[in-house]
Amino acid sequence: MTTDRYEPQGNEAKWQKAWARADIYRTRDEHPGPKYYILEMFPYPSGRIHMGHVRNYAMGDVVARYRRARGYNVLHPMGWDAFGMPAENAAMQQKTHPATWTWANIATMRGQLQSMGLSIDWSREVATCSPAYYRHQQAMFLDFLAKGLVDRKKSRVNWDPVDHTVLANEQVIDGRGWRSGALVESRDLTQWFFKISDYAEDLNSALDGLERWPEKVRLMQRNWIGRSEGLLLRFALTAPQGHVKEIEVYTTRPDTLFGAKFIALAADHPLAAQCAAGNSELAAFIESCRQMGTSVAALETAEKRGFDTGLKAVHPLDPNIEIPVWVANFVLMDYGTGAVFGCPAHDQRDLDFVNAYGLGNIPVVCPEGQDPASFVITTKAYDGDGLMINSRFLDGMTISAAKAEVSSRLSGQLLDGRPQARAQVNFKLRDWGISRQRYWGCPIPVIHCEACGTVPVPRADLPVVLPEDVTFDKPGNPLDRHPTWAHVPCPQCGKAARRETDTMDTFVDSSWYFARFTDAANEQQPVSPAMASKWLPVDQYIGGIEHAILHLLYSRYFTRAMHRDGLVALDEPFAGLFTQGMVVHETYGGPEGGWLSPAEVVIENGPGGRSARRRSDNAAVRIGAIEKMSKSRRNTVDPDEIISTYGADTARWFMLSDSPPERDVAWTEEGVQGAFRFVQRLWRLTNDLAGFAAPLGTAPLADGDETSMAVRKAAHQALARVTADVERLRFNRCVAHIYELSNVLGAELGKVESETPPDSLRAAFREAGEILVQLFALMMPHLAEECWQVLGHDDLVAMAPWPQLQEALLEESTITLPIQINGKRRDEITVARDMAAAEIERLTLAQEKVQRALEGRAVRKFIIVPQRIINVVV
RNA sequence: GCGGGCGUGGCGGAAUUGGCAGACGCGCCGGACUCAAAAUCCGGUUCUGGUGACAGAGUGUCGGUUCGACCCCGACCGCCCGCACCA
């Protein structure tokens, strides 16, 4: 009986050194096994790792260790998403340089990750803020520019006049900049774009092939891309407005054309501006529309408002119908053509609009079961199926037939010498604007020359490196006001010119790092095509759901662009995707209000439930909701503290137990203590096993006594289940199977303790002990090495091949079948595995309990589901 | 508003995808060891009734399909997430 406690502190460091010395996690190209690329989303070096990282990387490490044991050549790298705003914020607040701050954070966090004992090939580490990384990004930008994948165009942006920078939509809160609080302006700015919309169709249709992605993520991407099939349709004006004779609209409901009651133009539509030139009231209305717009809250509550331009349009299918043209606040300029026709009966927005202005509506689709003569629309538009009414030659058609009919008629009808309509597929997806007016990002490698225009930086001059002597005491982009950096001669004509001072969106950095890892030291290219095709796609990618759209969509686009650039030979970078849940924690309300951190609180469990008091003065503490760990709620737990108290193995084990990995997991003190107790239990169990186990290398017996076979069976059953569940990333179930095996082994050990066990049992303990250690080595690699040694090994369990499953052990010669009477379980019966149905039936009906439950009623039906259950119907 | 997901003991969750509901863990209760506590070990723990064997109820609610439903179908209730004037 071992009484020593396992001490994680010294042992974990010891084994980390041993792994490093043996260099076993370095990926070797000459490895004979099939490749397996496991990747977790690389972290932003914010300062310290948090529990979310622990969970994410613990999961990836299980997969990496498992695949390695299965003989795969595993690539499991790590790097840093190192550019971005927080470094500049820190520079402003703490007067440290973004580079200093970032590299210091990287050093800290690398140390923290290493203390987790992850099986990472650190020789491939990259940081996106390093010129060795971003020089290739600049080279690719120039390639993409040459191949027409990049565009420079004006676009309307949220401009913060205090911080002198562009804000993303989510950084605008109630019309104000999230940091400065300044009223955000809408500005036209010339910006760089990746033409992702050119790939909209492909990015959409290829989602079908991503079978190992969560359906949820594919759906989110599909909605974001927003493919729709419709018709571009031109309306003639009854009288030209200046030189404008027609209005083009986009519609997905050409079937409802006879229900059209108005045409609405976006406030920014050129024709609206033209009409406003001679109409100051309209001009004022347009101005008021522009001022709204930015705030999300305003959009939610905005009423439908409009202004009649006085123009009339001719109905394309009946020249006698005139349709009024309005300017409306709910029409978007940058989708479709910036103009729509409104069919109020079948579109809620249009209905709200006509109800506000008394324009009326005509229903043209009648739901099944409704009488067309009495079907009216008042406040709720009908957008369901039905048959056409009030639509002349369309009457009685289905919606899709009517769409086709209108489409073909108008495509064949000429207006001003051209077909009046044509089919068009539209997307919500816009081009990806990558210009940021920031310092801490990858410089965009172009030079603006007054004579030559936009000139690429010559390849020989790459990388364009960020200047180090910058200041953050003033708002705006430090690159812009740097005295010398931007001033360079034009590479073409040699005259004085100016560098682009915008830097790239940090999503660009993370759109290809997974490819860089395959060839991280390559100085000539971002990645060599040979290495890329050896390793890509990533077989399993693991990260947070918050990246479901942007990061993953941009990476899919970027991979296509790199494909076109000849760097990679595939379009989809991530064959398998898994999105893990968050780490959440209880919140604690202090006696004086505000929040207390878990460290300040003592939890008490009693029959009446949980209660909490403050550690310092025993004051009562309110236990609040379980929420995402955040500084503001003070419900964070520091991984360093957990690791120094309990060890990395305990932290990893707890992060993987209980909750399914895609769901949120609640961090609790009781839970982590339970995990720590199990670490100790495994340590004792392994030591006790080692005392009884047969010598190293002893083969188990195929026909031992009953106890030995039970031990063997339990081990192989656990092996089979853990194998199946780790393949499906169901780590919580793996944990349960390991508990079960250790329960069985503990019980069997307890029975034999005082005797000398027979050889067959000693051999079974040897086998089962090794299987147990190998199973938990995926989650608790340090403890596993220590236990492996206790079992007599002098090599590393991290290098051991996965145990061979003995299927024969799992096959029982007899099975126990539950017996149901009318669907209620009444008894069970143990029979030979291959017993004939008639025999089972005879035995079942002979059972005493069955006879009692039947109460003499006649058996109507006798159902045997082989290997499963018996149901007697009376 | 649109789209998606989820509701199982005191808690996290499991149920081989239509076949013994509650595996495993946490918590709790009882016992052993101890002068005592911690640690550890053993037993119990869905609810109701019964000392007990056992009986009844039970997977958000109501209904349906089925020999059999946590699982499939319909309606409703509640919670969570995503998108949001995209014509």
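Hydrogens, waters and symmetry mates are skipped; everything else that's a heavy atom, side chains included, is used. Numbers restart at 1 for each chain; the letters A, B, ... are given by sequence-line order, proteins then strands. These numbers come from a predicted model, not from an experiment.
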When all nucleic acid strands are considered with a 4.0 Å heavy-atom cut-off, which category describes [X]: base, sugar-phosphate, or nothing?
X	value
N743(A)	sugar-phosphate
R826(A)	sugar-phosphate
V665(A)	nothing
S657(A)	nothing
L332(A)	base

Could you identify the nucleotide paired to [N], looking across every strand shown and requiring Watson-Crick or G-U wobble geometry with both distances under 3.5 Å?
N	value
rC20(B)	none
rC72(B)	rG64(B)
rC35(B)	none
rG7(B)	rC77(B)
rG52(B)	none
rC83(B)	rG1(B)

Of the candidate nucleotides [options], which contains the atom at the shortest distance from the side chain of [X]?
X	options	result
R730(A)	rU17(B), rC41(B), rA55(B)	rU17(B)
N605(A)	rG12(B), rG27(B), rA14(B)	rG27(B)
V873(A)	rU16(B), rC67(B), rA57(B)	rC67(B)
D658(A)	rG68(B), rG12(B), rA87(B)	rG12(B)
E740(A)	rC24(B), rA87(B), rC67(B)	rC24(B)
R663(A)	rC81(B), rA14(B), rA87(B)	rA14(B)
W224(A)	rA84(B), rC85(B), rG25(B)	rA84(B)
R681(A)	rG13(B), rG25(B), rA23(B)	rG25(B)

Around atom [atom1] of [X], are there more than 12 heavy atoms from other residues, nucleotides or ligands closer than 6.0 Å?
X	atom1	value
E604(A)	CD	yes
E368(A)	CD	no
D334(A)	CG	yes
R156(A)	CZ	yes

Base of rU61(B) relative to its sugar, syn (within 90° of 0) or anti?
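rU61(B): anti.
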Where the chi angle of rG74(B) falls, syn if within 90° of 0 and anti if not
anti
Reckon [X] has a side-chain N or O less than 4.0 Å from the OP1 or OP2 of [N]?
X	N	answer
N732(A)	rA14(B)	yes
R677(A)	rC26(B)	yes
K824(A)	rA57(B)	yes
R5(A)	rA39(B)	no
S228(A)	rA87(B)	yes
K849(A)	rC54(B)	yes
R684(A)	rC41(B)	yes
Y335(A)	rA87(B)	yes

Ion pair [X]/[Y], N-O distance below 4.0 Å:
X	Y	value
R730(A)	E727(A)	no
E670(A)	R610(A)	yes
D352(A)	K380(A)	no

Judged by nearest nucleotide, the residue sitting upstream toward the 5' end of RNA chain B, R860(A) or G671(A), is G671(A)
Want to settle it: does M220(A) or E670(A) sit nearer the 5' end of RNA chain B, counting the closest nucleotide to each?
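By nearest-heavy-atom nucleotide position, the 5'-most residue is E670(A).
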May I have the distance from [X] (atom [atom1]) to [N] (atom [atom2]), rounded to whole angstrom?
X	N	atom1	atom2	result
N871(A)	rU66(B)	CG	P	15 Å
Q348(A)	rC2(B)	CD	C1'	12 Å
Q867(A)	rC20(B)	CD	C1'	15 Å
N822(A)	rU66(B)	CG	C1'	13 Å
K216(A)	rC2(B)	NZ	C1'	15 Å
N223(A)	rG4(B)	CG	P	9 Å
I864(A)	rG18(B)	CD1	C1'	18 Å
D383(A)	rG3(B)	CG	C1'	13 Å

Both conditions, 6.0 Å and 45 degrees, for the charged tip of K304(A) above the ring of F330(A): are they met here?
yes
Using the [atom1] atom as the point on both nucleotides, what is the distance between [M] and [N], in whole Å?
N	M	atom1	value
rA75(B)	rG5(B)	P	15 Å
rC76(B)	rC83(B)	P	26 Å
rC42(B)	rC24(B)	P	13 Å
rC41(B)	rU34(B)	C1'	13 Å
rG30(B)	rG4(B)	C1'	47 Å
rC2(B)	rG13(B)	P	29 Å
rG58(B)	rU46(B)	C1'	8 Å
rU40(B)	rC26(B)	P	10 Å

For the aromatic rings, using the six-membered ring if either is Trp, is the centroid distance between F578(A) and W213(A) under 6.0 Å?
no
Does any part of the side chain of I603(A), heavy atoms only, come nearer than 4.5 Å to the side chain of Y588(A), both counted from C-beta?
yes
